[in-house]
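Structure, as structure tokens:
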Amino acid sequence: MSNSGEKSKQLPQSKQLPQSSAAKPLLPKERVEFPKEWDSTQLWLKAIKYVEKATDAGSENPDDYVLWSALALELLARAALTSIHPVLNADPEEEGIHILCAFGFQSKNPKSIPIHAVFSRLEKIEPEFKTHRQICNMMIQGRNQELHTGESAISAWKEVEWLANYFRATEFLCRFMGKSLQDFLGKDVSEQARRLIEMKIEENKAKVKANIAAHARVFDEKMGTEKASLLEMAKKNTLFRDSVLCPACKSPALIEGEFMSESQPYFDGETFLTRATFLANSVKCSACGLRLSTIDEIHIAEISPRFTRISKFDLHNNHTDQEYMEYDNM
Amino acid sequence: MMFARSQLVLTFDETVVPSKNMKEFTMRPSILVPEQITSIKHALEKNGYWHGAIGAINDGELLKFCEEFGQLSMSSRQVDYIKSIRPVLASQAPQNTLSSRYGTDAFPFHTDAAHWRNPAKYIFLYCICPGSGNRKTLLIDLSTAQFSSNDRSVLRREVWSVYGIANPFLCTVESTCGAEILYRYDLACMKPSLPTHAEAADIMGRFVQDADQTEVCWQTGELLIIDNHRMLHARGSAVTSDLDRHHKRVLTVCK
């Protein structure tokens, strides 16, 4: 923790303690650890303060409830990002002056990245955040409309449309920092939030299961020959591609996702291979037409959201081409 | 309310003084050996404070001794690591200080440097003159507090503002410094940031009212070291005017 809030003063020589004889680094005198503006703890506390204002507004002032909630969300997201390192909040423009600020080279007005960039960076760090992008974008858009236009868009918002997903997003961001929803909302509100989240999860579960059941029923009612033909088509579509068993009709279904990580090359006895891990965001079955479009839906369908792809690793990729002189008998 | 005097046994030169219920130790910081420092640190860890007679020392020796416990630090209003502490009439006190608020009266229980982002870990109070008023320093150990889990949750979550400084910031009454619990509490520079966040003030107020207090009586040449992350301290009241009371204070932060 930096020793901020108090300055290091130059004492009169008679009162100075013996100095080290080691050479001093050539750094600016006023260098600090990082800007106070990007202190993750301060952002976290401010987020709590704003969410308390939202709670105080409550159902009597629904517009204020949405607005303060949106402001709290932005602060919470920045707190999560800066908990990794404050530089992640720095605007990369102006020849990196704000990035330098994050490393203690003081700038008068360190500039933060816009909130959509905060969300993008969080998603890069933790792809599961993608599940919450929609509600985060919606909250920020509502805030912008409220603050920058004459429109009263958020007046039309109904809690049932946003609140549960908002709590899910804030819970994710709290967990990102090793904290709980109770740490953020307090005991009473977090209990209400937990109930809302569980209700939403149950609602989503019911929708997805009903969707799967409907597709299964339609597929089952088809003629045997048609089913066989659809199965063949599904097999062809998924040949040499990532696939899973469709939860509705049990045909091979295409699974797509975002790249997360890749292992170091390993030797399996015959060749070098790498294992790439992806986070699924889509499952499509060409046999019964089932579509699962979010990681939540995939999870509810009891399909593992992470899948791997094993690829051959060509050692030649790691070596520069050696130039050689072609044989010439001249 | 019980008032327990500190009684610590240290393993270096000691002379039992029959008139006092406290062992008096003679110690020169300039000849302080590591075992003595270790012993004092052990006492600090156990009790949250250490009180002993160290005799006459100069400023350099005092600072050198304090450096064994952390990095010297001072407020932005100071010009020296050593600050003279004397009772001052409110009308004559520097602005925006406890003295400007309370004058020569008792001070409320508080932690020092609550307005620093990184509050001081140890307070060193060296007595130059105890004063004519038989004024004591009072201590409360927060590590003995039987806070309920709800109370603790409030102390850790409720957002307070530190004000009256160039760069106000947010804080909580209870937080952590590494693996250690840190308390920050000074109503002269801290207040709940929202009207709905006033529970922590009640919790602390009730605790201070009911807690056991340790009284430190002063003699010239005595040193009191307080673990400022754990202990609340207060200046007691004087039986008579004691403008002659004089201490030197040094603060250190975690290295």
Side-chain angles (χ1 to χ4, degrees), chain A residues 1-20 30 32-58 68 72 75-76 79 106 108 174 178-191, chain B residues 58-60 62-64 66-67 70-82 113-121 149-151 153-154 156-162 165-172 175-178 180 182 184 189 192-197 199 251-255:
Chain A
M1 200 194 278
S2 66
N3 191 18
S4 52
E6 54 289 342
K7 297 179 190 170
S8 55
K9 297 268 177 80
Q10 197 64 27
L11 293 175
Q13 251 188 331
S14 59
K15 296 191 177 181
Q16 283 181 6
L17 297 170
Q19 299 293 317
S20 162
E30 295 303 315
V32 297
E33 248 181 65
F34 50 78
K36 295 186 281 290
E37 294 89 339
W38 295 341
D39 182 328
S40 182
T41 303
Q42 291 296 298
L43 287 160
W44 162 256
L45 291 177
K46 208 173 189 182
I48 293 177
K49 186 177 163 182
Y50 279 29
V51 88
E52 279 292 323
K53 285 180 184 275
T55 307
D56 288 348
W68 285 117
L75 290 163
L76 191 63
Q106 195 69 35
K108 280 187 184 170
C174 289
K179 298 181 194 293
S180 70
L181 201 57
Q182 183 172 332
D183 292 334
F184 182 54
L185 298 173
K187 189 166 181 290
D188 294 338
V189 178
S190 66
E191 281 170 4
Chain B
N58 59 41
D59 287 356
L62 177 60
L63 289 177
K64 204 168 159 111
C66 295
E67 270 202 310
Q71 184 181 320
L72 297 173
S73 196
M74 59 182 172
S75 132
S76 55
R77 291 172 74 163
Q78 286 174 236
V79 293
D80 199 333
Y81 287 123
I82 297 178
H115 61 293
W116 294 2
R117 297 215 178 210
N118 177 20
K121 169 67 175 170
S149 62
N150 184 61
D151 284 351
S153 176
V154 168
R156 286 186 178 183
R157 180 179 173 269
E158 206 172 87
V159 181
W160 285 48
S161 299
V162 175
I165 54 175
N167 295 300
F169 61 93
L170 300 173
C171 67
T172 53
S175 59
T176 52
C177 179
E180 195 190 71
L182 181 161
R184 184 196 301 260
C189 67
S193 69
L194 292 174
T196 50
H197 284 254
E199 213 180 327
L251 301 173
T252 60
V253 293
C254 295
K255 275 185 177 162

A/D56: partners by side-chain hydrogen bond (donor to acceptor under 3.5 Å, both in side chains), with sequence neighbours left out: B/T196

Residues which pass side chain to side chain contact (heavy atoms under 4.5 Å, CB included) with A/K46, listed by chain and number, not counting sequence neighbours: A/Y50, A/L75, B/L170

Residue from B/V162, B/V159, B/T172 scoring the most non-hydrogen pairs under 4.5 Å with chain A is B/V159

Tell me, side chain or backbone of B/S193 under 4.5 Å from chain A's heavy atoms, or both, or neither? both

Any chance you could measure B/R157, atom CZ, to A/L45, atom CG, to the nearest 0.5 Å? 10.5 Å

Contact class of A/K187 relative to chain B, heavy atoms under 4.5 angstrom: side chain

